[in-house]
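In what follows, every chain begins at residue 1, and chains take the letters A, B, ... in the order their sequences are listed.
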Number of protein chains: 4
Amino acid sequence: MYEPKPEHHFTFGLWTVGNTGRDPFGHATRAVMSAPYLVEKLAQLGAYGVNLHDNDLIPIDASSSERDRIVTEFKQALVDNGLKVPMATTNLFSDPIFKDGAFTSADARVRAYALQKTMHSMDLGVELGAETYVFWGGREGSEVDAGNKTLDGLRYFRDALNFLCQYSQDMGYGLKFALEPKPNEPRGDIYLPTVGAMLGFIATLEQPAHFGVNPEVAHDTMAGLNFPHAVAQAIDAGKLFHIDLNDQKPGRFDQDLRFGAESLKANFFLVKLLEDTGYSGMKHFDAHALRTEDEAGVWDFARGCMRTYLILQEKVERYNADPEIQAALAQYVVSDPTLEQLGQKYSSENARALKAMTFDRETLGQRGMGLEQLDQMTVELIMGVR
Amino acid sequence: MYEPKPEHHFTFGLWTVGNTGRDPFGHATRAVMSAPYLVEKLAQLGAYGVNLHDNDLIPIDASSSERDRIVTEFKQALVDNGLKVPMATTNLFSDPIFKDGAFTSADARVRAYALQKTMHSMDLGVELGAETYVFWGGREGSEVDAGNKTLDGLRYFRDALNFLCQYSQDMGYGLKFALEPKPNEPRGDIYLPTVGAMLGFIATLEQPAHFGVNPEVAHDTMAGLNFPHAVAQAIDAGKLFHIDLNDQKPGRFDQDLRFGAESLKANFFLVKLLEDTGYSGMKHFDAHALRTEDEAGVWDFARGCMRTYLILQEKVERYNADPEIQAALAQYVVSDPTLEQLGQKYSSENARALKAMTFDRETLGQRGMGLEQLDQMTVELIMGVR
Amino acid sequence: MYEPKPEHHFTFGLWTVGNTGRDPFGHATRAVMSAPYLVEKLAQLGAYGVNLHDNDLIPIDASSSERDRIVTEFKQALVDNGLKVPMATTNLFSDPIFKDGAFTSADARVRAYALQKTMHSMDLGVELGAETYVFWGGREGSEVDAGNKTLDGLRYFRDALNFLCQYSQDMGYGLKFALEPKPNEPRGDIYLPTVGAMLGFIATLEQPAHFGVNPEVAHDTMAGLNFPHAVAQAIDAGKLFHIDLNDQKPGRFDQDLRFGAESLKANFFLVKLLEDTGYSGMKHFDAHALRTEDEAGVWDFARGCMRTYLILQEKVERYNADPEIQAALAQYVVSDPTLEQLGQKYSSENARALKAMTFDRETLGQRGMGLEQLDQMTVELIMGVR
Amino acid sequence: MYEPKPEHHFTFGLWTVGNTGRDPFGHATRAVMSAPYLVEKLAQLGAYGVNLHDNDLIPIDASSSERDRIVTEFKQALVDNGLKVPMATTNLFSDPIFKDGAFTSADARVRAYALQKTMHSMDLGVELGAETYVFWGGREGSEVDAGNKTLDGLRYFRDALNFLCQYSQDMGYGLKFALEPKPNEPRGDIYLPTVGAMLGFIATLEQPAHFGVNPEVAHDTMAGLNFPHAVAQAIDAGKLFHIDLNDQKPGRFDQDLRFGAESLKANFFLVKLLEDTGYSGMKHFDAHALRTEDEAGVWDFARGCMRTYLILQEKVERYNADPEIQAALAQYVVSDPTLEQLGQKYSSENARALKAMTFDRETLGQRGMGLEQLDQMTVELIMGVR
């Protein structure tokens, strides 16, 4: 029970289990582990796949032959361990060249280099089997707006995405692009900071159908926003292409905690949303072990992420099957076919009919919604006491 | 100097200068002032117009003849004082009937009533001359997601907006609709909580061209988001239909402070964005005097909002004319026509050429951006010492 | 099981179950219930006591005979239902007179009135049997610091507390005073905003021994602070005199949610802290039913608060008895009696000995703390799957 | 004008101007500069002193002779450039040994090592002339409370401070200890997270008179708290021993922005508080240049910090001399010698007299405070238009 298996489509980034514990105030606390070793361990734990930035695998200054050797070894490890690479992405944030933006840099040379680097990284991703390509614009933002760049930045960003979408088509890659928002860190403010903002931006692209979002629990949560609501908007728009699961306390630095380590209730509703709507994409854990841990702690962390998902998934099934909860939900919803028909589709007649109607405002205002009871039942279900 | 005049297009809501100082922990501290009196005072102060919710003017249970009498008096006051009503909106939040949502209520009768009320309110707004119609869904959200309503809520909301857009066309109203997001309060979490989320939602409507946004300084700021960035995204998308100016400290309840009372730097960049892009819409102050104030304080507040805008506007002109600042900005931007041409529009050749290029990554990474200097000059300009 | 009984020392405020659902954007959604009725209902639910502000019971402008009649009826209800009044407090925030502060008003007359009102309220509290007197300074703060009042405000506040402490002694009341901090709302910023700030302030009072704190879950949580840490500091200082249990999402308006409605993990650690340290004071639920609820929802809310406490209390017992968890905790702690003795109490010899010691810094730095495993076990225990 | 001079007592940390721009997502963007070079540059810019952690100057694994050589060179640089070292502190956060706490580690060996390291660092600080010793417990906290350590942690922390205070006395160092709180980062939650919490903790120490606080603008601001209020509490308690000036947007990672880069109004009130109360300690800029900057940007940053302080200081003088502002302030305050005498010092007679008094509650509640006008004048003064 709660045993992760490949069919659950759990994935981890090389950078997640490979995180060495460095932070702004401290040095690494764990040794580097090789990519093939990480692949082997993830497969043993029951993961489906492993995702990567180009430079998680290949150093930014690797020669062509080094690259090829590394890729060959990595592919062999994938084959040996039956692990997939469903998603790839570009590191456009670590190198000093990107310190003021990659696609949105004020320097045309940096923007061109970012395009080049991303094309190479797409080539790599596709070579490894990736079908989804994620864009997280870690440096696309600002600390101070004195550079007067925001509007240009949005335009540059759009140009880059339009270009790369065509590149994918031209090369026959057929990649799905998933944009990943984050409100801040490492920049003071990152452009297009929320799931909603990315959905808004997609509408301005040349080929919006190829673009969706990659929401991350920690990111909208950093800004104190309701993450299940953000994911629901993405689902409503048909744009949930990928998801990054982890956890976070609101209003502070990016913690990338183990999935379910903090927000049990929000994560229950998140899993419910994914399961109820039949989300079939990857469930990617973009998180890392606490800096206090050694290698054993890293695998505790990885196991914990997957177990907690499966525990919550089972709780969702119970919720959906709980007769008292379902009765309360049924009572919560009031249908009225006549009124619903009038309001759903506009016609002059419908408008006139609705305007002429009489509503008993006071009585309707007195109805109790039963949400305290429903919420208490939910909390007790999450705590395993019903 | 800094004297507000009608051509500045400053507007106030009836509910703003009319706010009586009631809050969750305290009773009203100021007496109610009549709508015609507010109109007279705003005109004296140099405002262009006054905006309203239906129930700011007409009690929710007014008889038809009462309504007509009130409207007649109000129109007379507008004429007498030369004030316009450029924007109207619906109160879908005060009455208990809306306690669990208006357009997104789980009760079909409430949704139908919300449609009816909004059509009547649109009729009123148009009668008073409004060209923009704002939707702020104060109760469209939840405290607990146990009601399992988010996806239905988004669908209901879309149905309502599609319906009302057609109503406007059918009646020949030609209204522009401006959606106003807010992350929370009065609900624990409000659906579509940010400017970005509203832009994303508009893309799912039947007639997106009729819909734009009404960003409010305090709202994205409550979630700690960069408000000028949000407005820039709206401008970039051609969707800035209206704007609500006020101020707010991040991470707390909705303060609706006097414009410029808190975030001088962010508001400087906001005014710069509006002025530099030639925003010609209304500059609406959706704020109110501190609860500590009597009526004199209310007019100090209203005067202060407009003065601070004009002061910041003058500072923007200085910034744009400051040779040292402009030189630093010019140095910040690095153009490269060849590279820009390659990256702007996709072709196989361009992609190949970009991929084959050599970049001096280290040198590009060493370039200093000069942003500390640029930002210090900006701060000194805001403080009036350059 | 999970059945609240008087010996659990659960209490509610009259203002909590009596809350009518009014909020800044909406009217009351529930009718007023009389104090005797609330007493009867709370007793039926298993509460130990009921707390009150003076004006929860007695209108601010009641005549002396009205007051006496109300008190007599209320006492009778307490006797009839076997309910206690363990804590009382003063409403120094609703009336317009307090709009710019009560004890910290810039107006000497308001400060004097606040003292008078508090003495009367202390008389009432003691008459009803209260042993703890809470100070929540809802209006002791500011929106703008232009009034230049902060330092004076702190001095005025101290003067008032010193005065009232002596009044309690002079009258033979023997009250314990519990100061309740809140970071903001209804003021933009409230003085002494955190549990820590109150502890710091107590150290500046004339008779600090009579003063402790009344931490409220929602209050430090609004500022994103770790509430169990704050309570631990109060316990460490011997200053946890009372506690307000409820729930809250960080970084937004004061929600006063049902205890356990949001932060299951933090509340588990809170209950653990209270139970492990043998806290014997009142467990007061300072919260209210969602505005969406009718009277039935109010009692669902009240029952839910108490049930969730008892559920968490049982989980704490399990945690303390879980051999795997206890083994992991034992491994987490490394004792070294020699080193501990050297460091615990200063002497020149100890200092010298410590300075001369050699530590294997690298080996100590490599130790894994096992916190991912410990935390995962805790989360699974909270979710009832171990 | 606005020219920093040594008598202004501006100081920088070696780690501030020496920051290389590394962040959690990116590599260093600037080269390391030697300590003597930094000393020379700071002196040229007009600073009074330079502060340091032990390992800013001396590598953690330096041999005794290396240490001596480095110290000799550094002292020479101080002498050559006329710079002081007024404050020193210990790096108890970078090395992996401190990953789960230094003074509060669950491992007695780590606690002992932290004591040892701090004694050595105090020796170094005193050798360099430091009179203030700062404690910032960057790792004294937790991400998960499953380790059950909070109460022990507070006890360990107190033991360490008591020990080190005696060490200072025993060695004749006469150091003043300044505790520096921070709510989070690098730990998920740091113990004693606010200025208030530190003041509360000091009251539990053996020799509280030797301990004060070192508030940092960014730290309380990260939690959205009002920083001038926190500093006022420290001043009120006689505990403002040192101050760290920088800037920060609330609710996000630690930005360490240039002083005045963000919160012009709050920083105006902060400078006003320091100048009005005659603060004579060091004004230490604990900040760093944006990662986008090269070395020239570092000096722009340092100059900007000092200039902005001097600009704000001049504005404070103007505020204090502005007759209209002073008149409004005078009107804001209402004295009443009789009432003030009754309330200031307790006696049975005073209590009786106050209780018998009649107040005109309604009239007092109607008084307008004039804070909108006062605040607008303040904002205009900050913007240099009055």
**Report entry** Worked verdict on D/D100 versus C/Y332 for side chain to side chain donor-acceptor pair (under 3.5 Å)
**Finding:** CA-CA 10 Å; D/D100 193 37; C/Y332 174 56; 2.4 Å; yes

Report summary line: Cut-off 4.5 Å, heavy atoms of chain D, and the answer for C/Q366 is backbone

Query raised in the report: Between C/D336 and D/R111, is there a side-chain N and carboxylate O pair less than 4.0 Å apart?
Result: no

**Report entry** Contacts of type side chain to side chain donor-acceptor pair (under 3.5 Å), residue C/K355, not counting sequence neighbours
**Finding:** D/D123, D/Y167

Query raised in the report: For the candidates D/M198, D/K345, D/M119, which exhibits the highest count of non-hydrogen atom pairs separated by less than 4.5 Å from chain C?
Result: D/M119

Requested in this report: Measure the spacing between CD of D/Q116 and CG of C/L342 and express it to the nearest 0.5 Å.
Outcome: 11.0 Å

Query raised in the report: Which of the residues D/A328, D/S142, D/A146 is involved in the greatest number of heavy-atom pairs with chain C at under 4.5 angstrom?
Result: D/A146

Report task. Mind ranking D/T378, D/T204, D/T194 by heavy-atom pairs under 4.5 Å with chain C and telling me who comes out on top? Result -> D/T194

Report summary line: Exactly one of D/L371, D/L374, D/V379 clears side-chain contact (heavy atoms from CB on, under 4.5 Å) with C/V144, and that residue is D/L371

Report task. Mind running salt bridge (charged side-chain N to carboxylate O under 4.0 Å, His left out) on C/R155 and D/D236 for me, showing each step along the way? Result -> CA-CA 8 Å; C/R155 186 164 52 79; D/D236 174 74; over 6 Å; no

Query raised in the report: Should D/Y346 and C/N162 count as side-chain neighbours, where that means a heavy-atom distance under 4.5 Å?
Result: no

**Report entry** Segment of C/L164 engaging chain D (4.5 angstrom heavy-atom cut-off)
**Finding:** neither

